[in-house]
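Report on the following structure.
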Amino acid sequence: MQQILIAQADEGMTLAKDVETEEGRVLCGKGTTLSTCLIDRLRKMEVTHLTVEGHPVQDENEKTLPEELQAIEERFKRVKHIPPLMHIKKRLQERAVAARKE
Amino acid sequence: METDKKEYFRKTLREIKNLPTLPGIVTKLTKMAEDPDTTTEQMGKVISKDHILAAKLLRLVNSAFYGFPQRISSLNSAIILLGFNVIKSLIISASIFEIMEDQDVELWEHSLGCAVVCSVVAKRLGLSDPEEISTAGLIHDIGKVAIKMELPQEYEEINRMVQEEHVSRFTAERKILGLDHAEVGGWLAKRWNLPNKLIEPISCHHDPRLAKNEQLSSAVVHFGNIVIRGMGYCHGDDIWVPPMSQRAYRLLDLSAVDIDEILDEIEDKLWDVKGFSLEIQSEQNAASGEDCPP
């Protein structure tokens with residue numbers, strides 16, 4: 001499963017999650033195979049991103065989970081004495097883990 | 001640092017000769033705004049004469065950090081909804097960031113991201129002018145662009161110091177120039193006659209205790225810069241999250257639940273920023289493709 005930008009969507013990809021409007025209305029259901037025409041319609045409805053099956057888009061800068069967690073650790077290295085920032089760091093790391101589990 | 005040298009830097013940055021002059025349109029609009037008889041239609045007409053600018057403005061106005069439920073398709077409604085100060089700042093950033101887009105996509109992403117955080121936080125706190133605060137977030141690092149354009153040699157020195165001595169850009173600027181990008185950004189904003197509401201959050205984003213009138217907006221931009229850096233939108237070799245003012249954090253008074261929901265909302269809206277940078281990159285690729293045919 002991968003989250004991609006609408007600009008990265010291509011025909012033949014399969015939705016792994018429903019596409020919803022901000023209000024939570026389902027525009028397009030999980031399991032739908034994307035067609036050029038459908039992508040175009042979603043773009044016109046201002047959908048910014050989609051979750052698709054597999055890992056169709058290769059991003060050379062993409063980090064593995066341990067790399068991502070380490071990067072967060074490094075960024076917050078100099079503010080260890082500030083509790084609210086340590087809380088934010090912890091939440092960001094938990095979110096990174098959760099995002100890859102889904 | 002010798003006083004002479006510091007004075008020279010100060011003077012150069014105050015004069016800003018190399019930054020592109022603000023489009024004449026800003027001066028014209030400022031004059032129009034002072035006249036109580038001016039209608040938004042008239043202002044909209046002036047802006048729409050510059051097609052590229054008008055398109056950029058509408059793109060910014062419709063981006064996630066303002067988050068209007070409906071699409072804003074006319075400049076008139078943009079002026080009414082956002083107010084003149086925001087439109088003016090957007091014209092400024094559209095012209096200044098044109099340099100940044102080309103040379104420094106990273107700084108552009110950091111700025112757009114910061115605007116997103118500011119917007120989310122300001123709305124959560126129920127502040128009355130979230131659009132102005134996110135605009136301040138968008139242009140908070142404008143001083144960096146000025147230093148790069150006016151003092152290119154020193155700018156390189158600063159980059160080197162950040163890379164070699166592992167200090168923050170802010171520290172390197174203070175060591176080399178005796179002043180920093182927040183201060184410079186504040187001068188620029190003042191020079192462009194932006195309101196205090198926008199000046200203070202820019203000039204105090206590293207130390208919101210300096211804010212006299214706009215303490216809360218300054219705290220929001222200070223926090224916005226920190227959070228977006230925490231999420232990995234940094235600038236150059238300075239990857240570290242800067243320290244947070246305790247006083248600013250107390251002022252924001254955010255609970256653990258607030259933080260979680262804020263992070264959710266930001267992550268969702270950052271997709272729009274990623275879309276923005278992808279567009280810029282493909283524009284650049286297309287442009288470079290035209291320049292050198294295979």
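A note on names: the letters A, B, ... follow the listed sequences, proteins ahead of strands, and every chain is numbered from 1. Just so it is clear, the structure is predicted and the values come from calculations on it, not from any experiment.
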Chain A contact via [X] - which portion, at a heavy-atom distance below 4.5 Å:
{"X": "N62(B)", "value": "neither"}
{"X": "I239(B)", "value": "both"}
{"X": "I226(B)", "value": "side chain"}
{"X": "E267(B)", "value": "side chain"}
{"X": "R229(B)", "value": "backbone"}

State, to 0.1 Å, how close [X] and [Y] come at their nearest heavy-atom pair, and which atoms those are.
{"X": "R78(A)", "Y": "H166(B)", "value": "NH2-O, 2.5 Å"}
{"X": "R95(A)", "Y": "D260(B)", "value": "NH1-O, 3.8 Å"}
{"X": "E74(A)", "Y": "W240(B)", "value": "O-CD1, 3.6 Å"}
{"X": "L5(A)", "Y": "W271(B)", "value": "CD2-O, 3.4 Å"}

message: Can you confirm whether more than 12 heavy atoms, excluding those of E261(B), are under 6.0 Å from its CD atom?
response: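 Enclosed.
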- prompt: Got more than 12 heavy atoms from elsewhere within 6.0 Å of CZ, R209(B)?
  reply: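 12 or below, so no.
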message: Can a donor-acceptor pair be found, under 3.5 Å and without considering hydrogens, that links the side chain of R75(A) to the backbone of G230(B)?
response: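 Pair found, side chain donor or acceptor close to backbone of G230(B).
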Between [atom1] on residue [X] and [atom2] on residue [Y], distance to nearest 0.5 Å:
{"X": "H81(A)", "Y": "M244(B)", "atom1": "NE2", "atom2": "CE", "value": "10.0 Å"}
{"X": "L263(B)", "Y": "R91(A)", "atom1": "CG", "atom2": "CZ", "value": "8.0 Å"}
{"X": "K269(B)", "Y": "T48(A)", "atom1": "NZ", "atom2": "OG1", "value": "11.0 Å"}
{"X": "K274(B)", "Y": "Q3(A)", "atom1": "NZ", "atom2": "CD", "value": "7.0 Å"}

task: I would like to know whether D268(B) and H49(A) meet side chain to side chain contact (heavy atoms under 4.5 Å, CB included); could you show each step before the answer?
output: CA-CA 9 Å; D268(B) 197 44; H49(A) 60 288; 3.3 Å; yes
